[in-house]
Amino acid sequence: MIEYIKGVLTELTPAMAVVETAGIGYALNISLNTFTAIQGEKEVKLYVHETLVTGGRDDSFTLFGFATRQERELYDLLITVSGVGANTARMILSSLSPTELCSVISTGNDKMLKAVKGIGLKTAQRIIVDLKDKIISLGLADELPASGGNVDMVNSDIKDEAVAALTMLGFSPAPSARVVVDILKENPGLPVEKVVKLALKKIK
């Protein structure tokens, strides 16, 4: 079992990193979170999940790499959920940071999960039901952002509608939610259309 790979980052795309160590180049599938974390680095350390598929015409051995141990632990949990495969788990971790995903699961926010491409309502609810207790028992929920507890102070219906609208416009749900929450904290009575207009000016 490979715990991690540490070496020179020789190639990098949003979906894959090639790390050379001891003369061998390892190709690792990565999430956008990991891509952002290691972009511009010369040497990296990626925590590894190995996937071996046998029984077909061609056996395959695939490596997935993660910038943090927490992200790998969440990936390992996600792929235990019925209906969530390797690529779906990577898509979730590309749309939400590990702490954001912990927050979504611990608060039961199935709408945020459903906003991830390829995730339906039933799968989102299954992820929450299956993993809520596990992320708490593993201590992953302890790493939630300090601001996470203030989300419930805003109008959740307006927040969800605004985030859904921004997602339909092509923005990622996690950064959209952060901007929307900040706007609603400052202006709690704003209607959803004004929240969206303000968010469009602030989202980077």
Side-chain angles (χ1 to χ4, degrees), residues 13-15 30-40 66-68 70-71 74-75 77-78 81 83-84 87-133 135-136 140-204:
T13 71
I30 60 173
S31 69
L32 286 177
N33 281 309
T34 290
F35 171 76
T36 300
I38 65 176
Q39 194 173 21
F66 306 93
T68 65
Q70 184 200 29
E71 186 181 22
L74 284 169
Y75 176 88
L77 288 175
L78 284 169
V81 178
V84 179
N87 288 329
T88 301
R90 182 166 61 156
M91 180 67 73
I92 293 171
L93 289 167
S94 292
S95 301
L96 300 165
S97 72
T99 49
E100 287 164 345
L101 179 58
C102 285
S103 178
V104 165
I105 293 173
S106 64
T107 58
N109 192 342
D110 55 17
K111 290 183 180 179
M112 280 285 284
L113 272 177
K114 188 175 176 291
V116 177
K117 184 179 179 180
I119 300 294
L121 180 59
K122 288 185 178 179
T123 301
Q125 292 173 339
R126 193 179 298 121
I127 290 170
I128 291 168
V129 170
D130 288 1
L131 302 188
K132 190 171 184 177
D133 290 340
I135 65 169
I136 293 173
L140 295 175
D142 296 338
E143 300 183 39
L144 293 175
S147 60
N150 296 325
V151 172
D152 292 334
M153 295 171 62
V154 304
N155 186 317
S156 59
D157 290 335
I158 296 294
K159 175 178 72 69
D160 291 341
E161 286 183 38
V163 172
L166 291 164
T167 302
M168 290 178 64
L169 290 172
F171 296 96
S172 297
S176 297
R178 287 196 296 268
V179 171
V180 167
V181 167
D182 288 340
I183 291 170
L184 287 173
K185 285 177 184 176
E186 295 177 6
N187 306 279
L190 282 182
V192 64
E193 62 271 15
K194 289 190 176 180
V195 173
V196 172
K197 286 181 180 180
L198 283 173
L200 288 172
K201 297 177 181 178
K202 295 185 176 184
I203 293 178
K204 298 180 180 179

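As the structure is a prediction and not an experimental result, all values here were calculated from the model. Quick note: residue numbers are just sequence positions, from 1.
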**Derivation of the side chain to side chain contact (heavy atoms under 4.5 Å, CB included) call for Glu161 and Val195** = CA-CA 10 Å; Glu161 286 183 38; Val195 173; over 6 Å; no
- Task: Could you please spell out the steps behind the side chain to side chain contact (heavy atoms under 4.5 Å, CB included) verdict for Leu198 and Glu186?
- Result: CA-CA 12 Å; Leu198 283 173; Glu186 295 177 6; over 6 Å; no
Which heavy-atom pair separates [X] from [Y] by the least distance, and what is that distance?
| X | Y | value |
| --- | --- | --- |
| Met112 | Ala177 | CE-CB, 3.8 Å |
| Ile105 | Ile128 | O-CG2, 3.7 Å |
| Asp110 | Ala124 | O-CB, 3.7 Å |
| Pro14 | Phe35 | CA-CD1, 3.6 Å |

Say you draw a straight line from [atom1] of [X] to [atom2] of [Y]; how long is it, rounded to the nearest 0.5 Å?
| X | Y | atom1 | atom2 | result |
| --- | --- | --- | --- | --- |
| Leu78 | Met91 | CG | CE | 13.0 Å |
| Lys117 | Thr88 | NZ | OG1 | 11.0 Å |
| Glu193 | Ile158 | CD | CD1 | 8.0 Å |
| Ile127 | Gln125 | CD1 | CD | 10.5 Å |
| Ile38 | Thr36 | CD1 | OG1 | 9.5 Å |

Does [X] reach the side chain of [Y], with side-chain heavy atoms less than 4.5 Å apart?
| X | Y | answer |
| --- | --- | --- |
| Leu166 | Leu200 | yes |
| Thr99 | Gln70 | yes |
| Leu93 | Phe66 | yes |
| Asn33 | Leu96 | no |
| Leu74 | Ile135 | yes |

Indicate yes or no for a side-chain donor-acceptor contact from [X] to the backbone of [Y] under 3.5 Å, with no hydrogens or angles considered.
| X | Y | answer |
| --- | --- | --- |
| Ser106 | Cys102 | yes |
| Ser94 | Ser31 | no |
| Asn187 | Leu190 | no |

Check your understanding: Restricting to pairs with a member in residues 118-130, which pass salt bridge (Lys or Arg N to Asp or Glu O under 4.0 Å), not counting sequence neighbours?
Key ->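 Sorted pair list comes back empty.
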Requested in this report: For side chain to side chain contact (heavy atoms under 4.5 Å, CB included), just list the numbers for Arg90 and Asn87, CA-CA rounded to whole Å, side-chain angles, deciding distance to a tenth of an Å, and then say yes or no.
Outcome: CA-CA 5 Å; Arg90 182 166 61 156; Asn87 288 329; 3.8 Å; yes
Requested in this report: Check the pair Val180 / Val196 against side chain to side chain contact (heavy atoms under 4.5 Å, CB included), numbers first and verdict last.
Outcome: CA-CA 8 Å; Val180 167; Val196 172; over 6 Å; no
